[in-house]
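Quick note on labels: first sequence line is chain A, next is B, and so on, each numbered from 1.
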Number of protein chains: 2
Amino acid sequence: MKTELDAGDERPTLKTIAFLTGLGVTTVSRALKNGPEIGEETKERVRQIAKQVGYRPNRAGVRLRTGKTNVISLILNTEEGSMGLVSEMVYGITEVLAETPYHLVITPYSLSDPMEPVRYIVETRSADGVIISRTEPKDPRVSYLLDHNLPFATHGRTDMGVIHPWHDYDNESYAYNAVKLLAERGRRRIALSGPPPHLLYARHTARGFERAMRDMKLDIFPLNAMNVDSPAEAIRRDGREIGLSADRPDGIVASSAMSALALVGGLEEAGLKIGRDIDIVTKQSISFIGWYKPEILTIREDFRTAGRDLAKSVLAWIDGADPATLQHLVGPEASI
Amino acid sequence: MKTELDAGDERPTLKTIAFLTGLGVTTVSRALKNGPEIGEETKERVRQIAKQVGYRPNRAGVRLRTGKTNVISLILNTEEGSMGLVSEMVYGITEVLAETPYHLVITPYSLSDPMEPVRYIVETRSADGVIISRTEPKDPRVSYLLDHNLPFATHGRTDMGVIHPWHDYDNESYAYNAVKLLAERGRRRIALSGPPPHLLYARHTARGFERAMRDMKLDIFPLNAMNVDSPAEAIRRDGREIGLSADRPDGIVASSAMSALALVGGLEEAGLKIGRDIDIVTKQSISFIGWYKPEILTIREDFRTAGRDLAKSVLAWIDGADPATLQHLVGPEASI
DNA sequence: AAACGTGTCTGTAACGTTACAGCTTTAGTG
DNA sequence: CACTAAAGCTGTAACGTTACAGACACGTTT
């Protein structure tokens with residue numbers, strides 16, 4: 001035998017509050033939504049009781065009725081690399097969502113079908129917004145989501161002439177500052193070990209690198225084909241070769257902590273001493289290089305801020321903000 | 001004007017299929033669940049049509065009606081450390097969930113209130129199962145979840161005389177093998193830089209370490225108070241001191257890649273050469289040490305397998321399996 | 001005095017699903 | 001031939017929420 005008052009184990013619903021206040025269920029609903037057609041005094045009373053019984057709206061009920069899922073989906077590539085990217089970004093996102101009714105759902109995909117998760121989310125309407133990482137210059141997921149009116153934000157920019165929220169690390173500025181750091185240490189023959197060339201930020205990095213080299217009148221030391229996505233063994237081998245060759249750079253700008261470590265591994269194997277014979281600059285998200293090998297110069301890239309930023313942008317878009325205002329380029333200076 | 005046939009943009013529901021087959025909604029529901037009271041031929045027909053129209057059950061509908069959320073929640077500490085733990089574990093979990101209707105929701109917490117997320121999940125019944133990391137020997141979350149009959153699995157064991165699914169890396173075996181590795185290289189004075197002593201696996205590690213030292217008749221070199229959770233700078237400083245002192249170990253077993261790197265940093269600063277003057281063994285989850293500094297000896301700890309395992313265990317418990325059968329101790333040998 | 005607002009509140013229906021209690025139809029039994 | 005059992009199917013109600021179309025009381029206007 002179960003009465004309305006028998007709070008017991010049952011979770012309170014609108015009905016519970018309606019019974020407790022003597023009001024109708026509709027009134028309670030409107031009151032908690034602060035609707036204009038409810039008297040101020042009544043609203044206060046309802047809020048009090050709701051608080052007392054620990055009322056929490058039933059997500060399934062809301063979702064079924066309104067279609068609002070209160071879910072943000074983070075789409076992750078399971079082959080993803082950058083050390084700490086996933087954890088830091090996830091933490092950044094949850095930090096923002098914590099103060100909202102939103103939950104974070106992780107939707108993975110393999111490189112074999114990058115469209116699968118977005119299609120799933122759109123077809124089953126299982127999220128109100130989406131965060132995409134590893135953005136491609138022409139990213140089919142972006143057009144698809146735009147076509148289907150699902151708010152999203154990308155980590156990294158696109159190059160397809162469409163407007164959408166994004167957050168990007170200012171790699172041009174990073175490369176520029178990295179070169180400056182090396183120049184300040186008297187380095188003059190500098191090489192760039194950049195990102196995979198098909199990604200847009202490779203272009204940004206190269207631009208910053210080249211501009212700095214011109215500004216400071218240094219010599220670009222060309223590195224063939226090596227990039228940050230190469231297998232670590234290959235990078236290490238490259239480092240070794242560079243170290244052994246007579247004609248070599250005295251400074252290297254790397255685009256990821258992993259590749260920098262592999263490079264350093266190779267260079268040291270060849271007998272070079274970092275900081276004396278050659279200097280290396282790299283980005284890092286979680287600071288571990290500093291207390292391990294302080295000779296490696298680092299500039300910070302903050303993935304947690306990226307996560308926070310992306311989450312805020314998606315939420316803002318969902319709430320009707322203009323996507324054009326939700327684009328953030330964050331430089332190293334902002335997150336040191 | 002909207003007819004049932006007007007598939008258009010509308011998502012198909014049971015009603016759609018009912019209309020298309022001429023059956024009742026209930027029948028369709030039962031048919032798709034392969035209920036015994038429906039004729040084989042009808043079931044087949046329903047399945048066909050369902051497939052054709054791309055029917056996917058509405059999660060909110062199911063959840064509202066049955067209470068089943070089809071959600072597994074991963075509870076993460078936002079101050080979490082171990083490099084790659086989060087991403088690898090998340091990938092492992094999603095890999096298993098991908099073949100099920102379950103979604104993965106990330107629920108974060110800060111150390112200031114570890115109970116908050118479990119309480120939230122239980123009170124709002126927002127997940128069918130929970131995965132806990134950073135398990136404490138006496139973990140209040142474990143008792144709470146047991147009390148409230150919510151299936152879960154822990155990463156790491158507990159020591160509270162209760163039965164529940166867990167997955168643990170066999171740190172005893174790790175430490176034993178690590179010592180063996182050092183002994184094979186002729187090292188005789190070996191130190192342990194273990195986990196924070198209040199965690200259970202510190203005990204396991206110590207046990208394996210000590211057993212190996214006895215078995216191989218080696219000298220334990222005591223290290224004061226240093227552990228893996230110390231700030232990296234402190235570990236580095238310790239490494240440096242060890243390196244400078246005349247009376248020092250010739251081998252160290254470390255319990256995390258981070259601490260090993262910091263140690264090596266300090267040792268090298270003191271002028272020691274790894275592999276010649278001293279050997280270090282560490283666990284690593286994502287193999288980056290190997291191609292960076294192969295002189296550091298590594299034994300693999302596979303967080304992706306841990307994730308897979310934990311996910312499978314929670315699902316099994318949800319499906320009524322006996323929790324006592326869902327406890328897995330995974331040794332290094334299993335995941336090399 | 002009738003009509004009209006206006007400020008509060010209410011009931012009904014619907015979102016998609018499934019448990020449950022029926023309802024036919026057909027075959028089998030005595 | 002009546003009676004029962006089984007097989008196969010159906011309708012109703014409910015999960016918790018909110019949009020919508022009222023309803024009622026009161027004061028104000030015409």
B/I106/B/V90 under side-chain contact (heavy atoms from CB on, under 4.5 Å): CA gap, chis, key distance, verdict: CA-CA 9 Å; B/I106 305 285; B/V90 164; 4.2 Å; yes
Name the nucleic acid region contacted by B/T27, choosing base, sugar-phosphate or nothing; use a 4.0 angstrom heavy-atom cut-off, strictly under. base
Checking B/D128 side chain against B/T69 main chain: does a donor-acceptor pair fall under 3.5 Å? yes
Phosphate OP1/OP2 of D/dG16 contacted by A/K15 side-chain N/O (<4.0 Å): no
Atom-to-atom span, CG of B/L14 to P of D/dT10 - whole angstrom: 13 Å
Please tabulate, for the side chains in residues 313-323 of chain B, all donor-acceptor contacts under 3.5 angstrom to protein atoms that are two or more places apart in sequence or on a different chain.
unit_1	atom_1	unit_2	atom_2	d
B/S313	OG	B/D309	O	3.1
B/D322	OD1	B/A324	N	3.0

Starting at atom CZ of A/F19, determine the distance to atom C1' of D/dG16, rounded to an integer number of angstrom. 18 Å
Main chain of A/L326, side chain of A/K312: is a donor-acceptor contact present, judged purely on distance under 3.5 Å? no
D/dT18 OP1/OP2 closer than 4.0 Å to side-chain N/O of A/S29: yes
Starting at CD1 of B/I17 and ending at P of C/dG16, how long is that distance when rounded to a whole Å? 12 Å
In chain order, what residues pass the salt bridge (Lys or Arg N to Asp or Glu O under 4.0 Å) check against B/E37, with sequence neighbours excluded? B/R30
Enumerate the residue pairs fulfilling side chain to side chain donor-acceptor pair (under 3.5 Å) with a member in residues 113-122 of chain A, sequence neighbours excluded, ordered by first and then second residue. A/Y120-B/H103
Side chains of A/E44 and A/Q48: donor-acceptor distance under 3.5 Å anywhere? yes
Quick one: does any side-chain atom of B/Y91 pair with a main-chain N or O of A/N77 as donor and acceptor, under 3.5 Å? yes
Determine to 10° how strongly the helix from C/dA1-D/dT30 to C/dG30-D/dC1 is bent, judged from the axes of its five-pair ends. 70°
For atom CZ of B/R125 and atom P of D/dC15, their distance in whole Å: 14 Å
Return each pair, listed once, that meets ring pair (Phe, Tyr, Trp, His ring centres under 6.0 Å) where at least one residue sits in residues 33-76 of chain A; pairs must be two or more places apart or across chains. none
Close N or O pairs between protein and nucleotides 22-25 of chain D (under 3.5 Å):
none

Side chain B/R11, main chain B/P57, donor-acceptor under 3.5 Å: yes
With 3.5 Å as the limit, what N/O pairs link the protein to nucleotides 6-8 of chain C?
none

Of the listed nucleotides (C/dT17, C/dC9, D/dT17), which one gets closest to any side-chain atom of A/V25? D/dT17
For B/T42, give me all partners under side-chain hydrogen bond (donor to acceptor under 3.5 Å, both in side chains), at least two apart in sequence or on another chain. none
Candidate pair B/Y102 and B/V96, rule side-chain contact (heavy atoms from CB on, under 4.5 Å), full reasoning: CA-CA 9 Å; B/Y102 286 89; B/V96 171; over 6 Å; no
What is the distance from CD of B/E41 to P of D/dA7, rounded to the nearest Å? 17 Å
Tabulate below the donor-acceptor pairs under 3.5 Å that side-chain atoms of residues 145-158 of chain B make, not counting sequence neighbours, or state none.
unit_1	atom_1	unit_2	atom_2	d
B/H148	ND1	B/Y144	O	2.9
B/T154	OG1	B/G156	O	2.7
B/R157	NE	B/D168	OD2	2.8
B/R157	NH2	B/D168	OD2	3.3
B/R157	NH2	B/H204	ND1	3.2
B/T158	OG1	B/H164	NE2	2.8

Measure from CG on A/N34 to P on C/dC9 and round the result to the nearest Å. 13 Å
On a heavy-atom basis, which atom in B/S285 and which in B/E88 lie closest, and how many Å separate them? OG-CG, 3.8 Å
May I have the distance from A/L23 (atom CG) to D/dT17 (atom C1'), rounded to whole angstrom? 17 Å
For A/E40, side-chain hydrogen bond (donor to acceptor under 3.5 Å, both in side chains) partners two or more places apart: A/R47
Sole residue of B/T26, B/V25, B/L32 in side chain to side chain contact (heavy atoms under 4.5 Å, CB included) with B/V28: B/L32
How many whole angstroms separate atom CZ of A/R11 from atom P of D/dC15? 14 Å
Does the B/R59 side chain pair with the main chain of B/P101, one donor and one acceptor, at a distance under 3.5 Å? yes
Within residues 49-65 of chain A, find the residues that approach DNA chain C with a heavy atom at under 4.0 Å, and present them sorted by residue number. A/L64, A/R65
Atom pairs, N/O to N/O, protein against nucleotides 20-28 of chain C, distance under 3.5 Å?
none

